[in-house]
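Residue numbers start from 1 in every chain, and the chains themselves are labelled A, B, ... in the order their sequence lines are given, proteins ahead of strands.
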Amino acid sequence: MHLRSLLVAALLLVTPAAVRAQSDAPLTPPAAAWTGPRTPDGQPDVQGSYAKNWIGSRGPNFDLEEGQDPDEMRATGRKPEDFPRPQIVRTPDGKIPYQPWARALRAENRKNFFNATELRHLDSNARCLPMGFPRESLDQGAEIVQAPGFVFFEYPYNSVVRTIYLDGRPPLNDRVKLWYGDSRGRWDGNTLIVEGRNVNEHGWYDTYGNFHSPDLRIEERFTFAGDRLYYDVTSDDGRVFTRPWTAHVEFRKNAGPVDEPWETACFEGERDAKHIIAPRAPDAGK
Amino acid sequence: MTRVAGIVLAWMLSAAAAAVGAQAAGQPLPRTPDGKPDLSGVWQVLNSAAFDIEDHHAEPGVPAGTGVVVGGEIPYQPWAIEQRKKNYTDRLTEDTDAKCFLPGVPRITYMPYPFRIIQTPNRIDMSYEYVGALRHIFTNGSPHPPGHIDWWMGDSRGRWEGDTLVVDVIHFNDQTRFDKAGNFHSDMLHVVERYRFIDASHLDYEVTIEDPKVFTRPWKMQMPLYRRVEQAPRVLEYYCYGFSDVFELPAGR
């Protein structure tokens with residue numbers, strides 16, 4: 001009996017590890033032909049409102065990588081089940097393939113977040129600065145609006161429009177850096193494939209300091225199948241990562257009517273950031 | 001000028017005006033599949049209203065300009081003239097442009113930055129380069145939500161009167177001003193915007209301002225909006241609050 005209990009306990013210990021084991025294998029169904037309605041200019045008509053298909057902190061907002069940092073759990077009260085499930089970063093260990101210096105900086109970013117003494121220790125979102133790209137696309141539901149030659153992703157959370165150009169225009173000069181980058185796309189069946197670049201370095205991937213440099217190049221695949229939007233974003237940044245890596249999240253199309261998007265004004269009322277760091281640096285908020 | 005020369009000049013001017021009209025008529029206005037004028041595209045003003053909506057001479061960093069106020073004068077109540085002067089003196093710290101806050105309507109239209117109009121049958125979105133502002137103009141016949149609501153950009157409900165888009169905007173806060181010169185309103189501001197094609201690349205933008213707390217009567221602004229006609233125009237970003245060193249707050253905070 002006692003032995004059996006031990007066996008059960010051992011199984012319980014082993015099973016989560018087995019469940020958590022993963023690979024680079026995509027979770028998105030293969031691209032397929034588009035059989036639904038089309039817009040007047042012939043695009044698959046995917047207009048509508050798409051919501052996060054995850055609950056609260058299980059998504060990519062806090063930490064894209066899997067991990068259960070004991071310091072973090074103490075500081076935030078988060079429980080092991082609150083941590084992102086391991087399928088967001090599609091590498092065998094669920095970790096972003098940082099170069100050694102970048103892994104060290106990422107660890108420092110995370111440590112600083114819980115012991116912030118300067119404004120730069122906080123992620124941009126916590127300060128009502130833009131979330132930036134690709135973070136907003138990973139973390140926020142969107143309303144998709146299409147027009148001839150364009151797909152617009154409107155993010156109610158920050159009242160932001162991300163414009164995807166389908167008109168084959170040339171890329172922006174590399175020296176132009178934007179929070180939301182420059183996005184040029186094309187349709188392949190039910191999949192919108194977007195090349196993103198010109199992203200500045202001020203927006204992280206998440207709250208705890210996963211980051212990239214302004215050299216970042218993005219390839220995104222928005223796959224529309226049934227009521228799902230599968231989102232795969234591959235980050236290529238030779239200054240920070242050892243190889244390109246892909247993150248995956250899923251969204252659900254809202255079937256019924258959705259609330260009107262009303263005003264979002266974050267920075268106008270921002271009073272928190274300087275108080276978060278105030279105990280250690282009284283004048284840092286200026 | 002002789003009387004004859006005057007008549008000839010008047011004839012030439014009217015002929016020129018007719019030619020312009022004919023040219024505009026020859027180029028059909030863009031229309032959506034449902035037959036409405038299609039305002040889609042990138043637009044921008046070419047004036048100095050962002051600095052001062054009234055006639056003004058140059059100051060350091062401020063281009064001179066003939067104003068956009070129809071009739072030239074804003075009909076302030078006596079107390080408001082004093083407030084306007086006070087606003088002028090604190091403009092470098094207290095104006096939304098100094099704080100990098102949302103600037104309200106109609107000011108967002110004549111900020112010297114481009115904006116994109118995204119037109120769908122039930123909603124017209126305006127996406128502005130300046131502070132990344134986004135306006136939703138509901139054209140589905142829905143009414144304003146009950147209020148009062150203190151919004152920076154108000155609540156916009158649009159309708160078509162013939163080929164003119166008429167947008168009714170209420171629910172403002174009293175924190176925004178009309179320009180950098182201190183012209184202002186209260187939270188009772190009621191704005192009616194009219195967007196009407198002059199030709200395919202120009203819109204006539206007429207705004208009626210009503211605010212019984214601040215003005216003695218309704219008054220108007222009027223200005224053209226110019227289509228950005230270059231190949232593949234873009235609306236880029238002016239997130240001034242995230243500038244240069246994103247790790248510092250901008251002046252005035």
Could you name the residues of residues 136-145 of chain A that have a heavy atom within less than 4.5 Å of a heavy atom in chain B?
A/Glu143, A/Val145

Given A/Arg169, A/Arg186, A/Arg184, the one that forms salt bridge (Lys or Arg N to Asp or Glu O under 4.0 Å) with A/Glu195
A/Arg184

Just give me the residue among A/Asn200, A/Asp182, A/Val176 that pairs up with chain B most often, heavy atom to heavy atom, under 4.5 Å.
A/Asp182

Kindly say whether the aromatic ring centers of A/Phe152 and A/Phe150 come within a distance under 6.0 Å.
yes

So that I can tick it off, tell me whether A/Glu219 and A/Arg217 are bridged by a salt bridge, with the cut-off set at under 4.0 angstrom between side-chain N and carboxylate O.
no

Without swapping roles, check the side chain of A/Asn112 against the backbone of A/His121 for a donor-acceptor pair under 3.5 Å.
no

Non-hydrogen atoms of A/Ala147 and A/Gln43 that approach each other most closely
O-NE2, 3.2 Å

Quick one: what part of B/Ser40 sits under 4.5 Å from any heavy atom of chain A, side chain, backbone, both or neither?
neither

Residue B/Val131 versus chain A: region with a heavy atom under 4.5 Å:
neither

Donor-acceptor check, side chain of A/Arg106 to backbone of A/Tyr208, threshold 3.5 angstrom: yes or no?
yes

Can you tell me which portion of A/Gln146 sits under 4.5 Å from chain B's heavy atoms? Options are side chain, backbone, both or neither.
neither

Do A/Phe224 and A/Trp187 make the cut of ring centroids closer than 6.0 angstrom?
yes

Winner by heavy-atom pair count (cut-off under 4.5 Å) against chain A, out of B/Val235, B/Thr120, B/Asp125:
B/Asp125

Would you compute the distance between atom OG1 of B/Thr32 and atom CD of B/Gln119 and round it to the nearest 0.5 angstrom?
5.5 Å

Report yes if the distance between the aromatic ring centroids of B/Phe197 and B/His202 is under 6.0 Å, otherwise no.
no

B/Phe138 and B/His136 aromatic ring geometry - parallel, tilted or perpendicular at 30°/60° bounds:
tilted

Under 4.0 Å between a Lys/Arg side-chain N and an Asp/Glu carboxylate O for B/Lys99 and B/Glu94?
yes

Result for ring-ring contact (aromatic ring centres under 6.0 Å, His included) between B/Tyr130 and one of B/Tyr110, B/Tyr113, B/Phe101, B/Tyr241 points to B/Tyr113

Are there residues of residues 161-196 of chain B that reach to under 4.5 Å of chain A by heavy atoms, and which ones?
none

May I ask you to establish whether B/Arg91 and B/Tyr88 are in a cation-pi arrangement, using a distance under 6.0 Å from NZ or CZ to the six-membered ring centre and at most 45° from the ring axis?
yes

Toward chain A, the part of B/Arg123 with a non-hydrogen atom under 4.5 Å
side chain

Structural part of A/Leu122 lying under 4.5 Å from a heavy atom of chain B
neither

Quick one: sort the B/Tyr239 and A/Trp179 rings into parallel, tilted or perpendicular, breaks at 30° and 60°.
perpendicular

Among B/Arg116, B/Met153, B/Gln231, the residue with the most heavy-atom pairs under 4.5 Å to chain A is B/Arg116

Is it the side chain or the backbone of A/Pro148 that comes within 4.5 Å of chain B heavy atoms, both, or neither?
neither

Between B/Leu102 and chain A, with a heavy-atom cut-off of 4.5 Å, which part of the residue counts as in contact: side chain, backbone, both or neither?
both

What part of B/Thr96 gets within 4.5 angstrom of chain A, counting heavy atoms only: side chain, backbone, both, or neither?
neither

Please determine whether side-chain hydrogen bond (donor to acceptor under 3.5 Å, both in side chains) holds for the pair A/Tyr98 and A/Asn210, giving the CA-CA distance in whole Å, both sets of side-chain angles, and the decisive distance to 0.1 Å.
CA-CA 10 Å; A/Tyr98 284 110; A/Asn210 281 306; 2.6 Å; yes

